[in-house]
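These notes are about the structure you will find just below.
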Amino acid sequence: MAVNRRNFVLGTLGVGALLVGVGTWLRPGDRGGPYNDYFRALNKELREKGPMRPVLLIDLDRLDHNIDVVMQSVKRGGKQLRLVEKSLPSPGLLSYIAQRTGTQKLMSFHQPFLNRDAVTFAQSDILLGKPLPVRSAELFYQIHKGPFDPARQLQWLLDSPERLQQYLALAQGLGTRMRINIELDVGLHRGGVSDVNVLGQMLALISANPQHLQFSGFMGYDPFVGMGVPGILGPPEELFARVMVIYQRCVDFTRQQFSGLWHDGLCLNTAGSPSYRIHEKETLSTEVSVGTAMLKPTHYDLPSLVDHVPATYIATPVLKSTGAVNIPALDDKSTLFSWWDQNQRQTFFIYGGNWMAEFESPQGLQSNTVYGRSSNQEMVNGSNAVGLKIEDHVFLRPTQSEAVLLQFGDLLAVRGGKIVDSWAVYT
C-alpha cells in the first residue's frame, strides 16, 4: 500500500477532507445497493465453485449477442470478417468466436502469439496488424513447424520501402517468398503509406522480385472514425469520406501503374471495432477487422457500438471488511471522511486490485485515493447499503481487453450465471 502524499497532506487538513466530501457526496450512484439478479447469480456461483482469487469472466450469452451483431453488419456490407487476436488473446476464446462466425481470418500483432496461431489455427489466413522488426520475422521462421504454410497463409504488414528491403533480404536468405500487405495511413497518422510516390517504390520492389515477394493487398486502420473524435475535426461521415478517398487513391494507383500485381483475390482490409459498421456503406474493401467490440470494455462505450453489450468482467473476492475508513497516522481523525462521504462508511480489502478497470457491482464502490492504490490488497469503500460480506465478490469492467485479459490466468466462460469452461490465455 502506497499513500498518495498530496492527498494525505490534504487529508490532514480539514479543508482537504471537506473538498473530497463535497465532490463525492453529489456524484450519481453514490447510494450504492446490493447486487442485481445478474451479479447475484455470478457471486453465488463463484462462492461455490470459483477459485477464490481474481478471475476474468467471459459471458457467453452476451458474447453470442455481440458476435451476431457483428455478423449481421458484415453480411449487410458483403464483406468478410478478420478477428483481431490481440484483443481476444486466448486460443479458446478465438476458437469459439471463429466457429460461430465461420471465419478463418486472424490478425496477429506479436511474434510469440503468431507462432502459436500458426500451430493452433493451421488452416487460417493470418495478416499482421503492425509492421514487426525484421528480426521478429526471422524468429518466426526459425521457430515455425507444422502444416501452416507462411508462403500461402501469412501476410506481413509493411509500411516503408526501407523495411521492405529488409524483408526482401530475409526472404532471399531463407529461400522463400513472402506475401506483403502494405499499411496505408488513411488518417490515423501512426505510420503507413499515403504518398503514391512511396507506394510506387514499394510496388516496384515487389514487382522486381516475384520469386521472393508477392503483393497481397492493403490495410487501412481507421478507428478514429467511430471513437467520438471532437466535432471540430468533423462528423464521422466526413472523416469516413476522407478515409475512403485515400484508400481509393492507393487502389487506383496500383491498378493503373502496377496492373500486373492486381487481382480479385487481394486482401483489402479496413476498419476496427469502433468503425466496422460504417463500412457497410462502401464496396471497396473486402474485409473488416473486429476484436474488442466482441467484449465491449468501458473504453468502447461508444455511439458506434450501442448495440453491443458488456461481455467481460473481473471478479475478485473480498478478503476483509473493516468498517469506516481508517487512514494510517490519521487514526481517529479518519472519521471525518466517513462522516462527510457516505461512500466511505464501509471499507473492504479485495484480493488484488489496481487494474485497468472500473467498479461495476455492487454499485457505489470506489478506490480510496488518499490511502493509495494496491495491486495486492486494494482498499475499496462503499456506503452501508453495499452489503458486501467476506468472500463475496466485487465485479469490475475492464477498460480494454488486450492487456487486461492476460493478467488473470485462465479465463472463466460463464453461461446463465454458471461456469461452463475455462480457456488458457496467450503467453
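Throughout, residue positions are numbered sequentially from 1 according to the sequence presented. Because only heavy atoms are used, hydrogens play no part in the values below, and waters and symmetry mates are left out as well, while side chains stay in.
- Checked against the 6.0 Å centroid criterion, the rings of Tyr221 and Phe224 do not qualify as a close aromatic pair.
- Under the 4.5 Å side-chain criterion, counting only non-hydrogen atoms from C-beta, Leu42 is not in contact with His393.
- In this structure, the separation between CG on Leu268 and OG1 on Thr286 is 4.5 Å, given to the nearest 0.5 Å.
- At least one cation-pi condition fails for Arg62 and Tyr313: the charged atom is not both under 6.0 angstrom from the six-membered ring centre and inside a 45 degree cone around its axis.
- Smallest separation of non-hydrogen atoms from Gly226 and Leu302: O-CD1, 3.5 Å.
- A salt bridge is defined here as a Lys NZ or Arg NE, NH1 or NH2 lying under 4.0 Å from an Asp or Glu carboxylate O, and Asp252 with Arg249 fails to meet this definition.
- When the shell of 6.0 Å around CD of Glu48 is examined, it contains more than 12 heavy atoms from other residues, nucleotides or ligands.
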task: Could you check Ser289 against Asn269 for side-chain contact (heavy atoms from CB on, under 4.5 Å), going step by step and ending with a plain yes or no?
output: CA-CA 7 Å; Ser289 297; Asn269 177 273; 2.8 Å; yes
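- Partners of Glu402 under the side-chain hydrogen bond (donor to acceptor under 3.5 Å, both in side chains) rule, at least two apart in sequence or in another chain, are Lys86.
- The two atoms that bring Arg82 and Leu127 nearest to each other are NH1-N, 3.4 Å, heavy atoms only.
- Met71 CE to Leu81 CG: the interatomic distance, rounded to the nearest 0.5 Å, is 6.0 Å.
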- request: Given side-chain contact (heavy atoms from CB on, under 4.5 Å), test Arg135 with Gln166 step by step and report yes or no.
  value: CA-CA 9 Å; Arg135 173 61 177 157; Gln166 294 176 334; over 6 Å; no
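- The closest side-chain heavy-atom distance from Phe348 to Val394 is not below 4.5 Å.
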task: Start with the C-alpha distance between Thr270 and Phe218, add both sets of side-chain angles, then the distance that settles side-chain contact (heavy atoms from CB on, under 4.5 Å), and finish with yes or no.
output: CA-CA 8 Å; Thr270 191; Phe218 293 124; over 6 Å; no
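- Of all heavy-atom pairs spanning Gln346 and Ser383, the tightest one is CG-O, 3.7 Å.
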query: Going through the checks in order, is the salt bridge (Lys or Arg N to Asp or Glu O under 4.0 Å) test met by Asp159 and Lys130?
result: CA-CA 9 Å; Asp159 60 337; Lys130 64 185 176 188; over 6 Å; no
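- Between Leu305 and Lys296, the shortest heavy-atom distance links the atoms O-NZ, 3.1 Å.
- For Arg53, the side-chain hydrogen bond (donor to acceptor under 3.5 Å, both in side chains) criterion is met by no residue, not counting sequence neighbours.
- The side-chain hydrogen bond (donor to acceptor under 3.5 Å, both in side chains) check on Gln99 picks up nothing, with sequence neighbours excluded.
- Taking all atoms of both residues into account, the shortest heavy-atom contact from Asn376 to Ser374 is N-OG, 3.0 Å.
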Would you mind writing out the side-chain donor-acceptor pairs for residues 408-427 within the sub-3.5 Å range, not counting sequence neighbours?
| residue | atom | partner | partner atom | Å |
| --- | --- | --- | --- | --- |
| Arg415 | NH1 | Asp61 | OD1 | 3.0 |
| Arg415 | NH1 | Asp64 | OD2 | 3.2 |
| Arg415 | NH2 | Tyr96 | OH | 2.8 |
| Asp421 | OD2 | Trp423 | NE1 | 3.3 |
| Tyr426 | OH | Asp117 | OD1 | 2.5 |

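- Between His308 and Tyr276, the ring planes are perpendicular. Angles over 60° get that label, and only those under 30° would be called parallel.
- A salt bridge is defined here as a Lys NZ or Arg NE, NH1 or NH2 lying under 4.0 Å from an Asp or Glu carboxylate O, and Arg190 with Asp185 fails to meet this definition.
- Residues forming a side-chain contact (heavy atoms from CB on, under 4.5 Å) with Thr120 (at least two apart in sequence, or on another chain): Pro91, Arg116.
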Without placing hydrogens or testing angles, list every side-chain donor-acceptor pair under 3.5 Å for residues 139-152, not counting sequence neighbours.
| residue | atom | partner | partner atom | Å |
| --- | --- | --- | --- | --- |
| Tyr141 | OH | Trp156 | NE1 | 2.9 |
| His144 | NE2 | Phe148 | O | 2.7 |
| Asp149 | OD1 | Ala151 | N | 3.2 |

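- Here the shortest heavy-atom pairing between Ser367 and Glu378 reads OG-OE2, 3.1 Å.
- Checking side-chain atoms of Asn66 against main-chain N and O of Val309 turns up a donor-acceptor pair under 3.5 Å.
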message: Show, in sequence, the C-alpha distance, side-chain angles and deciding distance for Trp355 and Thr399, and conclude whether the side-chain contact (heavy atoms from CB on, under 4.5 Å) test is met.
response: CA-CA 9 Å; Trp355 297 293; Thr399 59; over 6 Å; no
